Amino acid sequence: MIKVSPKTKRLLVPIVSVIAGFLVGAIIMLAWSYNPFEAYGSMFDSALGSMNGIGETIRNATPLIFIAIGFQISSAAGFFNIGLPGQAQAGWLTAIWIGLAFKNLPGYILLPFEVIAGIVAGALVAGIAGWLRAYFGTNEVISTIMLNYIVLYLCQYLHQDVMSKNLRIDTDTTKAVGANGSMRIPWLSDMFGGSRISGGVFLALIALVIFWFLMKKTTVGFEIKAVGLNPFASRYAGMSDKKNIVVSMLLSGAFCGLGGVVQGLGTYQNYFTQTTTLDIGWDGMSVALLGGMSAIGILLASLLFSILKIGGLGMQTVAGIPFEIVSIVIAAIIFFVAISWAVGLLFKEKKSDKTATYIATTETANRAKAKQNEGGEA
């Protein structure tokens, strides 16, 4: 085993997991007579080899950041929120509906209105699961899974049967929001080769700062983590576990809803019928697992997954390698992250000088005390 500091070990485990995932993908390519060097070369060239590719990579990473933050907040409270796709979808439909229904409002009013409405929609969906867990002890995994499908079909009903026909092109697609309700910024899109990058990237960077500040510097973040670590001890210390359960799920859903808002107002600028749960929800969860409780980790992990997704399309067209190989690489990375305890066995935490000195001093003091007691007894 390699001796490293605890901080270095926390950094090395996800890096080793990523490398192992790429190696698994390379082995599978070799088994089917594909050239992994050509494959990965075309992947990174497609994702990062042009301004358009970079823009699309950032665009794809943006909603994943919000959803990863949402997942990490609920995880800090000790809950496994897998209702991320439904919460994002609720935010997406709500924001587009508001943008189309109030299209004549000026942008400085309409855009915040859309964003806030989408955040509230995502928070309400997650809040249902939080309320059920806090007051009835309902398992949040089951409730959030069920809510994903409730939201999926409820959005389909609202879109096709409730939304005014004036807001839709047909039963499957809404009209596009106007420029005053869109997150697209022309100069930003032009800078990145006409890509679909939007102002959502700035919101994502702000969200990362808010997440760091919330979890590290506020009482709310401290209580959420305390409840997650030990709900009984936190209750004894005067913290309301029920309140913190609901608050953590509301915050989680709010960030996921914002991810759906950015996907709708930035990437597509409309809403269309979804036949299954949103991929960004599951990809955001993968980003969270790889990035850990670190804002920087979430940022880097979201960019990595975006490179895999955007670059995978280039790998398919340029190198002729099936896109499913990318899915295998992603699955392998998540597998190694999931068994991080096993990857961690490669590294042994070395004690710092201060820790070693403290241990040595304590042992010396204990031996001296033992001898003194033996002398007293004699």
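Numbers here are sequence positions counted from 1. Only a predicted model underlies this, so the values are computations on that prediction, with no experimental measurement involved. What's counted below: heavy atoms across the whole structure, side chains too, no hydrogens, waters or symmetry copies.
- The minimum heavy-atom distance between Asp170 and Asp172, with the atom names listed, is OD1-N, 2.8 Å.
- Under the rule for a salt bridge (Lys or Arg N to Asp or Glu O under 4.0 Å), Arg184 has no partner lying at least two apart in sequence or in another chain.
- At least one side-chain heavy atom of Leu93 sits under 4.5 Å from a side-chain heavy atom of Met163.
- Under the 3.5 Å distance criterion, the side-chain polar atoms of Asn180 are matched with a main-chain donor or acceptor of Lys103.
- Under a hydrophobic clustering in which Ile, Leu, Val, Met, Phe, Trp and Tyr are joined whenever their side-chain heavy atoms come within less than 4.5 Å, directly or via other members, Met215 and Ile245 fall into different clusters.
- With sequence neighbours excluded, the residues satisfying side-chain contact (heavy atoms from CB on, under 4.5 Å) with Ser286 are Phe305, Ile334.
- Listed for the Thr267 side chain is no donor-acceptor partner under 3.5 Å among the backbone atoms of Gly264.
- Once rounded to the nearest 0.5 Å, the distance linking CD1 of Ile197 with OG1 of Thr62 reads 6.5 Å.
- Taking OG1 of Thr144 as the reference point, atom CG of Asn139 lies at 8.0 Å (rounded to 0.5 Å).
- With hydrogens and angles ignored, the 3.5 Å screen pairs a side-chain donor or acceptor of Lys175 with a backbone N or O of Asn166.
- At distances below 3.5 Å, at least one donor-acceptor pair connects side-chain atoms of Ser74 with backbone N or O atoms of Phe71.
- A heavy-atom distance below 4.5 Å is not found between the side chains of Leu23 and Phe336.
- For the atom pair OG1 of Thr173 and CG of Leu167, the computed distance is 13.5 Å after rounding to the nearest 0.5 Å.
- Following chains of ILVMFWY side-chain contacts shorter than 4.5 Å, one cannot reach Ile82 starting from Ile150, and the two form parts of different hydrophobic clusters.
- Between the side chain of Ser306 and the backbone N or O of Ser302, no donor-acceptor pair lies under 3.5 Å.
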Is there a side-chain contact (heavy atoms from CB on, under 4.5 Å) between Asn270 and Val177 once you walk through the steps? CA-CA 6 Å; Asn270 68 348; Val177 295; over 6 Å; no
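- Residues Leu208 and Ile206 are members of one and the same hydrophobic cluster, defined by side-chain heavy-atom contacts under 4.5 angstrom among Ile, Leu, Val, Met, Phe, Trp and Tyr.
- No chain of hydrophobic side-chain contacts below 4.5 Å, direct or via other Ile, Leu, Val, Met, Phe, Trp or Tyr residues, connects Phe202 to Phe213.
- Under the 3.5 Å distance criterion, the side-chain polar atoms of Gln89 are left unmatched by any main-chain donor or acceptor of Gly260.
- Put simply, the side chain of Tyr271 never gets that close to the backbone of Cys155: no donor and acceptor are under 3.5 Å apart.
- Summarising the geometry of Ala226 relative to Met239, their closest heavy-atom pair is CB-SD, 3.7 Å, with the distance given to 0.1 Å.
- Side-chain contact check for Ile310 versus Arg59: some heavy-atom pair is nearer than 4.5 Å.
- Residue pairs satisfying the salt bridge (charged side-chain N to carboxylate O under 4.0 Å, His left out) criterion with at least one member in residues 282-306, sequence neighbours excluded, are listed as follows: Asp283-Lys309.
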Could you give me the CA-CA distance, side-chain angles and deciding distance for Leu203 and Phe66, then say whether side-chain contact (heavy atoms from CB on, under 4.5 Å) is met? CA-CA 9 Å; Leu203 290 179; Phe66 296 109; 3.8 Å; yes
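- Around CZ of Phe323, the count of heavy atoms belonging to other residues, nucleotides or ligands within 6.0 Å exceeds 12.
- Nearest heavy atoms, Ala121 versus Thr94: CB-OG1, 3.3 Å.
- Side-chain atoms of Asn148 and Thr277 include no donor-acceptor pair closer than 3.5 Å.
- Applying the under-4.5 Å side-chain rule to Ile, Leu, Val, Met, Phe, Trp and Tyr, the cluster around Leu300 extends to Ile296.
- Across all non-hydrogen atoms, the minimal contact from Gly253 to Ala126 is CA-CB, 3.5 Å.
- Taking the side chain as every heavy atom from C-beta outward, Val326 and Gln316 never approach each other to under 4.5 Å.
- One N or O on the side chain of Ser248 and one on the backbone of Asn244 form a donor-acceptor pair closer than 3.5 Å.
- A donor-acceptor pair under 3.5 Å is absent between the side-chain atoms of Gln87 and the main chain of Gly257, judged by distance alone.
- Ring centroids of Phe272 and Trp92 are separated by less than 6.0 Å, placing the two rings close together.
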Mind running side-chain contact (heavy atoms from CB on, under 4.5 Å) on Leu251 and Ile224 for me, showing each step along the way? CA-CA 11 Å; Leu251 288 171; Ile224 287 174; 4.1 Å; yes
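- Interatomic distance, CZ of Phe79 versus OG of Ser143, reported as 10.5 Å (0.5 Å rounding).
- For the pair Ile67 and Val287, the minimum side-chain heavy-atom distance is 4.5 Å or more.
- Without hydrogens or angle criteria, Gln72 side chain to Gly292 main chain gives a donor-acceptor distance under 3.5 Å.
- Taking CE of Met146 as the start and CD1 of Ile128 as the end, the distance is 14.0 Å to the nearest 0.5 Å.
- When all heavy atoms are compared, the tightest approach of Gly193 to Asn52 is O-ND2, 3.0 Å.
- When the salt bridge (Lys or Arg N to Asp or Glu O under 4.0 Å) test is applied to Arg168, no partner is found at least two apart in sequence or on another chain.
- Taken together through direct or relayed side-chain contacts under 4.5 Å among Ile, Leu, Val, Met, Phe, Trp and Tyr, Ile69 and Leu250 form parts of separate hydrophobic clusters.
- Put simply, the side chain of Phe22 reaches to within 4.5 Å of the side chain of Leu308, judged on heavy atoms.
- Not counting sequence neighbours, the partners of Phe102 by the ring-ring contact (aromatic ring centres under 6.0 Å, His included) test are Phe113.
- The shortest distance between side-chain heavy atoms of Glu140 and Phe80 falls below 4.5 Å.
- Smallest separation of non-hydrogen atoms from Met43 and Ile307: CG-O, 3.9 Å.
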Just do the side-chain contact (heavy atoms from CB on, under 4.5 Å) check on Val329 and Tyr40 with the steps written out, would you? CA-CA 11 Å; Val329 172; Tyr40 288 139; 3.7 Å; yes
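- The line from CG of Asp161 to OG1 of Thr171 is 9.0 Å long, rounded to the nearest 0.5 Å.
- Annotation: Trp131, atom CH2; neighbour count of heavy atoms from other residues, nucleotides and ligands within 6.0 Å does not exceed 12.
- In this structure, the side chains of Leu158 and Trp97 come closer than 4.5 Å at one or more pairs of heavy atoms.
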